[in-house]
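Shown next, in structure tokens, is the structure this report addresses.
Numbering of ligands and ligand atoms starts at 1, following listing order.
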Amino acid sequence: MEEVKHFTSVQDLTKEEMMRILEKSETLKDKLAKGEPHEYVYGKTLGMIFAKPSTRTRLSFETGMTQLGGHAIYLGWDTLQLGRGETISDTAKTLSGYVDIIMARIFEHENLLELARNSTVPVINGLTDLLHPCQAVADLFTIWEEKEKLSKLKLAYIGDGNNVCHSLLLGSAKMGMDIHVATPPGYEPNENIVEDAKTQGAKTETVVNIGRGPEEAAKDADVVYTDVIASMGDEEEREQRLKDFQEYQVTSQLMDNAAKDAIFMHCLPAHRGEEVSAEVIDGPQSVVFQQAQNRLHTEKAIIISLLGF
Ligand code: CP
Ligand code: NVA
């Protein structure tokens with residue numbers, strides 16, 4: 001039996017496969033703008049398991065499947081028997097008998113891998129506590145659209161060393177874009193991910209730098225990126241985090257360190273006045289809504305690539 005392809009991490013794709021997904025996203029975006037039908041997965045069904053809230057991920061996958069001629073089913077964790085203790089492996093085996101592809105947003109990354117191991121249809125990671133690979137694909141696509149290249153650009157990530165930061169580290173290193181991360185003490189990205197990004201970066205001659213100073217990270221950057229201070233699941237630490245991240249807000253002053261034509265990015269949802277000032281996120285350098293909208297095109301390209309169309 002042919003091995004099922006999953007998308008649990010940016011690491012599941014080669015550089016060439018990632019590039020093909022970006023090119024496919026561009027074609028799909030163009031087709032949609034021209035009103036050209038592109039029902040590449042006609043009659044196929046996507047099952048979407050959500051254990052955490054979502055606006056963009058749900059909308060992009062669900063709308064994307066409709067535009068591709070397929071159908072998507074929203075499966076809230078607590079509306080499934082999963083919420084009453086049915087195992088992940090039994091759920092994966094059961095879902096595989098009904099749907100053609102699964103997307104899951106869950107807490108523990110290990111549970112996502114367990115789902116994939118037991119599924120006979122492709123599984124897409126729609127965010128775990130460790131990774132957010134679909135976001136990274138949309139981010140790379142947006143940067144590529146804006147800068148017409150990825151290689152040799154500099155991305156500065158200021159803030160929490162979280163799931164979004166991890167997938168950006170892996171995605172940047174893969175595509176040859178230098179990445180400089182600045183976090184407060186205690187909020188550094190996962191060591192294994194940094195190690196993987198550095199190993200990848202050595203092959204693509206890419207700088208992967210983890211430091212403290214936001215100004216230093218942002219210096220001459222082409223892209224300045226931040227994410228929330230408290231991710232889903234970190235809410236109890238919110239007050240402490242607000243104190244710890246005081247020096248890490250992306251402000252106009254910080255943007256002044258970046259290249260003149262630098263863009264500001266954020267995966268959203270955002271908290272103005274916390275990780276970013278309103279002036280920056282609502283200002284002329286911000287591409288956050290283009291970035292969010294691009295999720296639609298990149299999710300469609302990911303689905304098509306996994307289903308082999
Ligand atoms: N960026 C992102 O994944 O947004 P949602 O949480 O709204 O899906
Ligand atoms: N780091 C954030 C991303 C939300 C899309 C979280 O996990 O809540």
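- The closest approach between Leu268 and ligand 2 falls below 4.0 Å for a heavy atom of the residue.
- Taking atom 8 (O) of ligand 2 as the reference point, the nearest protein heavy-atom neighbour is Met232 N, 2.8 Å.
- Applying the salt bridge (Lys or Arg N to Asp or Glu O under 4.0 Å) criterion to Glu62, with sequence neighbours excluded, gives Arg58.
- Ion pairing of Asp282 with Arg272 is present here, as a side-chain N (NZ or NE/NH1/NH2) and a carboxylate O approach within less than 4.0 Å.
- Atoms of ligand 2 found under 4.0 Å from any heavy atom of Asn162, numbered from 1 in the order shown, are 1 (N).
- Close contacts between ligand 2 and Leu127 involve ligand atoms 3 (C), 4 (C), 5 (C), 7 (O) [criterion: under 4.0 Å to a heavy atom].
- Contacts between Asn163 and ligand 2 below 4.0 angstrom, taking non-hydrogen atoms only, involve the side chain exclusively.
- Taking only nitrogen or oxygen atoms, main chain and side chain alike, Arg105 does not reach within less than 3.5 Å of ligand 2.
- Residue His132 has no N or O atom closer than 3.5 Å to an N or O atom of ligand 2.
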Side chains of residues 252-265: which donor-acceptor pairs under 3.5 Å do they make with residues two or more places apart or in other chains?
unit_1, atom_1, unit_2, atom_2, d
Ser252, OG, Glu279, OE1, 2.9
Asn257, ND2, Gln253, O, 3.3
Asn257, ND2, Leu254, O, 3.1

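- For Glu26 and His297, the side-chain atoms include no donor-acceptor pair closer than 3.5 Å.
- Contact residues for ligand 1 (protein heavy atom closer than 4.0 angstrom to any ligand atom): Ser54, Thr55, Arg56, Thr57, Arg105, His132, Gln135, Cys267, Leu268, Arg295.
- Side-chain contact check for Gln240 and Asp244: at least one donor-acceptor pair (N or O, by modelled atom type) lies under 3.5 Å.
- Remark: the Thr57 side chain and the Arg105 side chain contain an N/O donor-acceptor pair separated by less than 3.5 Å.
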Exercise for review: Mind running ring-ring contact (aromatic ring centres under 6.0 Å, His included) on Tyr248 and Tyr187 for me, showing each step along the way?
Suggested key: CA-CA 12 Å; Tyr248 288 80; Tyr187 297 97; 8.9 Å; no
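- The salt bridge (charged side-chain N to carboxylate O under 4.0 Å, His left out) pairs that include a residue from residues 181-192 are Glu188-Arg212, where partners are two or more places apart or lie in different chains.
- Within the cation-pi definition used here (under 6.0 Å to the ring centroid, within 45° of the axis), Lys24 qualifies as a partner of Tyr40.
- Here the heavy atom of the protein found nearest to atom 3 (C) of ligand 2 is Asp227 OD2, 3.7 Å.
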